[in-house]
Engineer: 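One structure, as structure tokens, below. Some questions next.
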Amino acid sequence: MENETIYILAIESSCDDTSAAVLSGKKVLSNVTATQKIHEEYGGVVPELASRAHQQNIVPVVHQALNKANIDKKQLSAIAFTRGPGLMGSLLVGTSFAKSLALGLGIPLIEVNHMQAHILAHFIEDKNHKTPEFPFLAMTISGGHTQIVLVKNYFDMEILGETLDDAVGEAFDKSAKILGLPYPGGPLIDKNAQKGDPKAYPFPKPKVKGLNFSFSGLKTSILYFIQRETTSNTDFIGEHLENICASIQKTIIEILMEKLEMAVKQTGISQIAIGGGVSANSGIRSALKEAEVARGWTTYIPKFEYCTDNAAMIGIVGYLKYRQRSFTQQDVSAKSRYALGEKY
Ligand code: KG4
Ligand code: ZN
């Protein structure tokens, strides 16, 4: 049994990306993602449209993942899927698909918590990526979440702090929307920020106790600032976009880094792993690299393709759960609110 090769097909459909991956043990053989362009027109994810697009995408995406991996579905050991958290209509598509396929193939089904997967993505085997050692601190920064988590083991995680309002990805996306940039605006703020002066415009940072975060005040102050400046100069955004983006990004990164420093002080743990879409941000990446030198931290940044939503991260959790024979029954249902520390 120990020497058998475990092939996991993983499905991710919690938000607006339909993704399928095939893993052989901890190695990713394929990781295919269909991103839904339709939401750009609306400035945010429209849940009803997301679930319809998942329905259209899921069969071709799974086929592609199997083809790319050169694996026949009869070789699969188990199907892993995202049970939650996420949008109900989106989760339902992946959950129903995974249940039917597992039933049809007569193989185990494994449910995965999306946020846990963002953290455990660090355990995907890759020769260019080192793996964190337990215990470590994980900061999950995405469009739906902002958390600092104490990771004691694969399945023993404790949330030390989280956002009280907007997630950090939302702070990026909503700021971008104020600047007239299309959804999702996070990557565009990042791109423009790299050419701008981060000290151009100071924005106030929130005063939140402990390890919790708040981003809604920042968004409001950016909105007022832009309204004020565009009253006297209607071209203000166009003329200063790079400096505005650099200033917003600097403020957001400082907020994240200050809380991380506090978490390191509080726990005495200086191994830091990040996960979630915002880990792709160049500002957080360089701030962490600087902290390695300046503070002696060891930092772990996921490979770009494992930062944003993807099925490979669901697959690694699937594999780790397969090893423990932690399987899910066919009566499982999607769970849009699904806390990280919940027992399952
Ligand atoms: O993890 P993810 O793909 O989906 C969620 O689970 O939310 O994260 C998406 C978020 C979006 O808010 C997007 O704007 C943000 O990640 N994001 C970025 C960057 N790349 C993606 N934010 C800032 N800079 C980036 N380079
Ligand atoms: Zn995510």
Side-chain angles (χ1 to χ4, degrees), residues 10-19 21 31 33-36 39-40 43-45 47 50 54 81-87 90-91 94 112-122 138-147 149 162-163 166-179 181-196 198 213 215 218-219 245-256 274-288 301-314 316-317 336-338 340:
I11 316 267
E12 154 63 32
S13 74
S14 64
C15 189
D16 59 343
D17 292 309
T18 320
S19 185
N31 184 32
T33 303
T35 303
Q36 303 176 2
H39 307 288
E40 278 176 17
V45 177
H54 283 306
F81 70 99
T82 305
R83 185 180 176 199
L87 299 170
S90 293
L91 291 167
V112 174
N113 177 305
H114 179 92
M115 297 313 295
Q116 197 174 52
H118 271 304
I119 296 173
L120 296 179
H122 287 279
M139 185 168 70
T140 51
I141 40 180
S142 75
H145 293 267
T146 309
Q147 296 179 327
V149 181
E162 60 192 330
T163 184
D166 290 348
V168 60
E170 274 180 291
F172 271 107
D173 296 340
K174 288 180 178 175
S175 306
K177 197 171 178 181
I178 295 170
L179 301 177
L181 299 172
Y183 177 85
L188 297 169
I189 296 219
D190 190 5
K191 199 170 156 212
N192 283 291
Q194 291 175 43
K195 290 172 267 168
F213 299 87
F215 290 100
L218 175 65
K219 172 192 65 193
C245 288
S247 304
I248 294 173
Q249 182 155 308
K250 169 186 175 269
T251 312
I252 294 177
I253 301 308
E254 277 180 6
I255 295 170
L256 296 176
I274 58 168
V278 180
S279 326
N281 183 269
S282 64
I284 189 73
R285 286 176 172 244
S286 50
L288 287 173
I301 303 174
K303 231 174 133 180
F304 200 77
E305 62 172 310
Y306 306 138
C307 283
T308 49
D309 288 352
N310 68 88
M313 68 182 193
I314 305 302
I316 186 72
V317 183
S336 63
R337 289 176 166 272
Y338 193 172
L340 195 62

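If you're wondering where the values come from, they're calculated on a predicted model, not measured in any experiment. Below, all heavy atoms of this structure are taken into account, side chains as well, without hydrogens, waters or symmetry copies. Just so you know, ligand 1 is whichever comes first in the structure, and atom 1 is the first atom listed for that ligand.
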Engineer: NZ of Lys195: more than 12 outside heavy atoms within 6.0 angstrom?
Structural biologist: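 Counting neighbours around NZ of Lys195, more than 12 heavy atoms of other residues, nucleotides or ligands fall under 6.0 Å, so yes.
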Engineer: What are the atoms of ligand 1, with element, lying closer than 4.0 Å to any heavy atom of Gly169?
Structural biologist: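 Reading through ligand 1 atom by atom, the close ones are 12 (O).
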Engineer: Nearest protein heavy-atom contact for atom 2 (P) of ligand 1: which residue, which atom, what distance?
Structural biologist: Asp309 OD1, 3.3 Å
Engineer: Would you indicate which of Ser19, Ser282, Ser14, Pro187 comes nearest to atom 19 (C) of ligand 1 when only heavy atoms are counted?
Structural biologist: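 Nearest heavy atom to atom 19 (C) of ligand 1 lies in Pro187.
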Engineer: Which atoms of ligand 1 are found less than 4.0 Å from any heavy atom of Thr308?
Structural biologist: 3 (O)
Engineer: In the protein, which heavy atom is nearest to atom 22 (N) of ligand 1, and how far is it?
Structural biologist: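 Answer for atom 22 (N) of ligand 1: Gly186 CA, 3.5 Å.
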Engineer: Could you tell me which N, O or S atom of Asp309 is nearest to the Zn ion (ligand 2)?
Structural biologist: OD1
Engineer: To the nearest 10 degrees, calculate the angle at the Zn ion (ligand 2) involving NE2 of His114 and NE2 of His118.
Structural biologist: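 If I round to 10°, I get 90°.
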Engineer: Write out the residue and atom name of the closest protein heavy atom to atom 13 (C) of ligand 1, then the distance separating them to 0.1 Å.
Structural biologist: Asp173 OD1, 3.8 Å
Engineer: Are any of the side-chain heavy atoms of Phe172 and Asp190 separated by less than 4.5 Å?
Structural biologist: no
Engineer: Does one side chain, of His114 or Glu12, offer a donor that lies under 3.5 Å from an acceptor on the other?
Structural biologist: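 There is such a pair (donor and acceptor under 3.5 Å, judged by atom type) between the side chains of His114 and Glu12.
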Engineer: Which residue supplies the protein heavy atom nearest to atom 15 (C) of ligand 1, what is that atom called, and how far is it?
Structural biologist: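 For atom 15 (C) of ligand 1, the nearest protein heavy atom is Val278 CG2, 3.9 Å.
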Engineer: If the contact criterion is a heavy-atom separation under 4.0 Å, does His114 count as touching ligand 1?
Structural biologist: yes
Engineer: Okay, side chain of His122, backbone of Ile274: is any donor-acceptor separation there less than 3.5 Å?
Structural biologist: yes
Engineer: Restricting to non-hydrogen atoms, name the atom on Ser90 and the atom on Cys15 that form the minimum distance, rounded to 0.1 Å.
Structural biologist: OG-O, 3.1 Å
Engineer: Please classify the Asp190 to ligand 1 contact at 4.0 Å (heavy-atom distances, strictly less than): side chain, backbone, both or neither.
Structural biologist: side chain
Engineer: Quick one, Met313 and His118 - any side-chain contact, counting heavy atoms below 4.5 Å?
Structural biologist: yes
Engineer: Determine whether Glu254 and Pro198 make a side-chain contact, defined as any pair of heavy atoms from C-beta on separated by less than 4.5 Å.
Structural biologist: no
Engineer: Does one side chain, of Gln249 or Asn281, offer a donor that lies under 3.5 Å from an acceptor on the other?
Structural biologist: yes
Engineer: Give me the nearest non-hydrogen protein atom to atom 24 (N) of ligand 1 as residue plus atom name, then the distance to 0.1 Å.
Structural biologist: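 Checked against all protein heavy atoms, atom 24 (N) of ligand 1 sits closest to Asn281 ND2, 2.9 Å.
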Engineer: Ring-plane angle category for Phe215 and Phe213, please: parallel below 30°, perpendicular beyond 60°, tilted otherwise.
Structural biologist: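 Ring orientation, 0 to 90° scale: parallel.
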Engineer: Return yes if some donor-acceptor pair links the side-chain N/O of Arg337 with the main-chain N/O of Pro85 below 3.5 Å, else return no.
Structural biologist: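 No: the side chain of Arg337 does not pair with the backbone of Pro85.
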Engineer: Provide, to 0.1 Å, the distance between atom 10 (C) of ligand 1 and the closest protein heavy atom, together with that atom's residue and name.
Structural biologist: Gly143 N, 3.5 Å
Engineer: Check each of Ile119, Thr82, Val112 against Val317 using the side-chain contact (heavy atoms from CB on, under 4.5 Å) test, and report the only one that passes.
Structural biologist: Val112
Engineer: Quick one: look up the protein heavy atom nearest atom 17 (N) of ligand 1 and list residue, atom name and how far away it is.
Structural biologist: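 Of the protein heavy atoms, Gly277 O, 3.6 Å lies nearest.
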Engineer: At a 4.0 Å cut-off, with the gap strictly under it, does some heavy atom of Gly144 reach an atom of ligand 1?
Structural biologist: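 A heavy atom of Gly144 does come that close to ligand 1.
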Engineer: Does the residue His118 have a heavy-atom contact with ligand 1, meaning some pair of atoms that are separated by less than 4.0 Å?
Structural biologist: yes
Engineer: Could you tell me, atom by atom, which parts of ligand 1 come under 4.0 Å of a heavy atom of Ala280?
Structural biologist: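 Close to Ala280: 20 (N), 26 (N).
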